[in-house]
Amino acid sequence: MTPEKALLKLADLCSTGEHCKWEMYEKLRKWGIQRSDADKIIAKLSEGKFIDDRRFTRAFVHDRITFRKQGRRMIMRDLILKRIDKDIITDALADIDRDQYADNLTTLMARKLLSLGGDINDNDIRNRLVRFAAGRGYEPSLIFNALESLK
């Protein structure tokens, strides 16, 4: 694939959804585009506002909170894997609505408790709920607050 075709293809892809620079570099690498050409393509896409890591990160965080109900830790890990700058990640995570975030966790844990069919006062059930919420990326202090609200 030529660099010109790659630019057009990536511009088309970015016009339909948010993507970060690292994802675009990965596509270009898979298509066999040289690093120098890839840098020029990414620069053009950035100038044209097709890719913007800040905008991508805000959208990513919003989607993960709203639709997947994931915790900050898991979201942060995923963004770090996408090579997003830590300052950008911190800013996006700071914009999370605390009430919605806590409600997400409480709702998830209530559903899990129903699926376990046990008593919230049973230590085994409580441990399973804690592991479940931690696995979703929620912070321990919030997990224990949610446990108390389920009683």
Side-chain angles (χ1 to χ4, degrees), residues 1-113 115-116 126-150:
M1 180 178 299
T2 66
E4 294 79 21
K5 280 187 178 182
L7 174 63
L8 293 174
K9 196 167 186 176
L10 289 181
D12 185 47
L13 177 68
C14 290
S15 67
T16 61
E18 291 295 337
H19 298 279
C20 65
K21 288 180 184 177
W22 180 78
E23 290 174 338
M24 298 300 99
Y25 272 117
E26 283 298 298
K27 287 207 176 291
L28 292 168
R29 183 185 60 77
K30 288 178 184 173
W31 293 340
I33 303 295
Q34 298 295 323
R35 181 64 186 209
S36 59
D37 290 333
D39 289 338
K40 291 174 189 172
I41 291 169
I42 297 298
K44 286 179 184 177
L45 290 172
S46 293
E47 287 171 16
K49 300 291 184 197
F50 284 98
I51 54 175
D52 179 348
D53 280 350
R54 281 194 189 282
R55 190 177 64 218
F56 166 79
T57 304
R58 282 192 308 269
F60 186 89
V61 168
H62 175 267
D63 287 353
R64 293 295 173 105
I65 294 291
T66 304
F67 301 113
R68 292 191 182 184
K69 312 280 191 243
Q70 290 180 335
R72 284 185 182 98
R73 290 177 168 195
M74 184 175 280
I75 294 168
M76 181 181 278
R77 183 206 65 203
D78 291 346
L79 288 168
I80 288 170
L81 290 174
K82 289 184 177 291
R83 314 289 198 278
I84 302 294
D85 185 67
K86 288 191 181 201
D87 292 335
I88 295 172
I89 296 171
T90 303
D91 291 344
L93 291 176
D95 292 340
I96 295 173
D97 181 316
R98 292 175 190 243
D99 292 333
Q100 178 191 5
Y101 188 68
D103 288 345
N104 285 351
L105 176 58
T106 304
T107 303
L108 283 172
M109 290 179 72
R111 284 185 193 155
K112 185 65 173 178
L113 179 60
S115 75
L116 294 173
R126 289 175 64 88
N127 288 339
R128 291 171 96 180
L129 286 171
V130 169
R131 283 193 308 271
F132 167 75
R136 297 291 297 237
Y138 286 92
E139 299 86 347
S141 60
L142 289 171
I143 294 170
F144 290 110
N145 288 342
L147 273 176
E148 290 304 313
S149 69
L150 289 175

Test side chain to side chain contact (heavy atoms under 4.5 Å, CB included) on Phe132 and Leu108 and set out the steps.
CA-CA 9 Å; Phe132 167 75; Leu108 283 172; 4.1 Å; yes
Starting at CG of Asp87, measure out to OG1 of Thr57 and round the result to the nearest 0.5 Å.
11.5 Å
d(Ile80 CD1, Ile89 CD1) to nearest 0.5 Å is 5.0 Å
Does Ile42 reach the side chain of Leu28, with side-chain heavy atoms less than 4.5 Å apart?
yes
Around atom CD of Gln100, are there more than 12 heavy atoms from other residues, nucleotides or ligands closer than 6.0 Å?
yes
Can a donor-acceptor pair be found, under 3.5 Å and without considering hydrogens, that links the side chain of Asn104 to the backbone of Ile65?
yes
Would you call Asp63 and Arg68 a side-chain contact if the rule is heavy atoms closer than 4.5 Å?
no
Could you please spell out the steps behind the side chain to side chain contact (heavy atoms under 4.5 Å, CB included) verdict for Ile84 and Trp22?
CA-CA 8 Å; Ile84 302 294; Trp22 180 78; over 6 Å; no
Look up atom CG in Asp97 and atom OG1 in Thr66, then write down how far apart they are to the nearest 0.5 Å.
9.5 Å
Please name the pair of heavy atoms, one in Met109 and one in Leu129, separated by the smallest distance, quoted to 0.1 Å.
O-CD2, 3.5 Å
Donor-acceptor contact below 3.5 Å, side chain Asp53 vs main chain Ile88:
no
Counting N and O atoms only, with roles assigned by atom type, does the side chain of Arg83 sit under 3.5 Å from a partner on the main chain of Leu81, one being a donor and the other an acceptor?
yes
Arg55 side chain vs Phe50 backbone, donor-acceptor pair below 3.5 Å
yes
Would you say the side-chain atoms of Glu23 pair up with the backbone N or O of Cys20, donor to acceptor, closer than 3.5 Å?
yes
Determine, for Tyr25 and Arg35, whether the Lys NZ or Arg CZ falls below 6.0 Å from the six-membered ring centre while staying within 45 degrees of the axis.
yes
Under the 3.5 angstrom rule, does the side chain of Ser15 hit a backbone N or O of Asp12 as a donor-acceptor pair?
yes
Does the side chain to side chain contact (heavy atoms under 4.5 Å, CB included) test come out yes or no for Asp95 and Asp91, once each step is laid out?
CA-CA 7 Å; Asp95 292 340; Asp91 291 344; 5.6 Å; no
side-chain hydrogen bond (donor to acceptor under 3.5 Å, both in side chains) between Arg64 and Gln70, worked out
CA-CA 6 Å; Arg64 293 295 173 105; Gln70 290 180 335; 3.1 Å; yes
In terms of heavy-atom contacts, Ala134 and Ile143 come closest through N-CD1, 3.6 Å
Please give me the minimum heavy-atom distance between Val130 and Phe144, naming the atom from each residue.
CG2-CE2, 3.9 Å
Could you check whether any side-chain N or O of Ser115 sits under 3.5 Å from a backbone N or O of Lys112, counting only pairs where one atom can act as donor and the other as acceptor?
yes
Any non-hydrogen side-chain atom of Leu13 less than 4.5 Å from a side-chain atom of His19?
yes
Heavy-atom check, side chain of Cys14 versus side chain of Met24, under 4.5 Å:
yes
With heavy-atom distances below 4.5 Å as the criterion, would you say the side chains of Lys21 and Lys82 are in contact?
no
Distance from Leu93 atom CG to Ile96 atom CD1, nearest 0.5 Å?
4.5 Å
Does atom NZ (Lys27) have a neighbourhood of more than 12 heavy atoms from anything else shown, all under 6.0 Å?
no
I'd like to know if Glu26 and Arg29 make a salt bridge, using a cut-off of under 4.0 Å between side-chain N and carboxylate O.
yes
N/O donor-acceptor pair under 3.5 Å between Lys49 side chain and Ser46 backbone:
no
Check for me whether Arg72 meets the cation-pi criterion with Tyr101, that is, NZ or CZ under 6.0 Å from the six-membered ring centre and within 45 degrees of the ring axis.
yes
Is the NZ or CZ atom of Lys5 both under 6.0 Å from the centre of the six-membered ring of Trp31 and within 45° of that ring's axis?
no
When you compare the side chain of Thr2 with that of Ile33, does any pair of heavy atoms fall below 4.5 Å?
no
Can you see which heavy atom on Asp37 is nearest to which on Pro3, and at what distance?
OD2-CG, 3.6 Å
Decide side chain to side chain contact (heavy atoms under 4.5 Å, CB included) for Leu79 and Val61; before the verdict, give the C-alpha distance in whole Å, the side-chain angles of both, and the deciding distance to 0.1 Å.
CA-CA 9 Å; Leu79 288 168; Val61 168; 4.0 Å; yes
Looking only at heavy atoms, what is the nearest atom pair of Leu105 and Leu142, with distance?
CD2-O, 3.4 Å
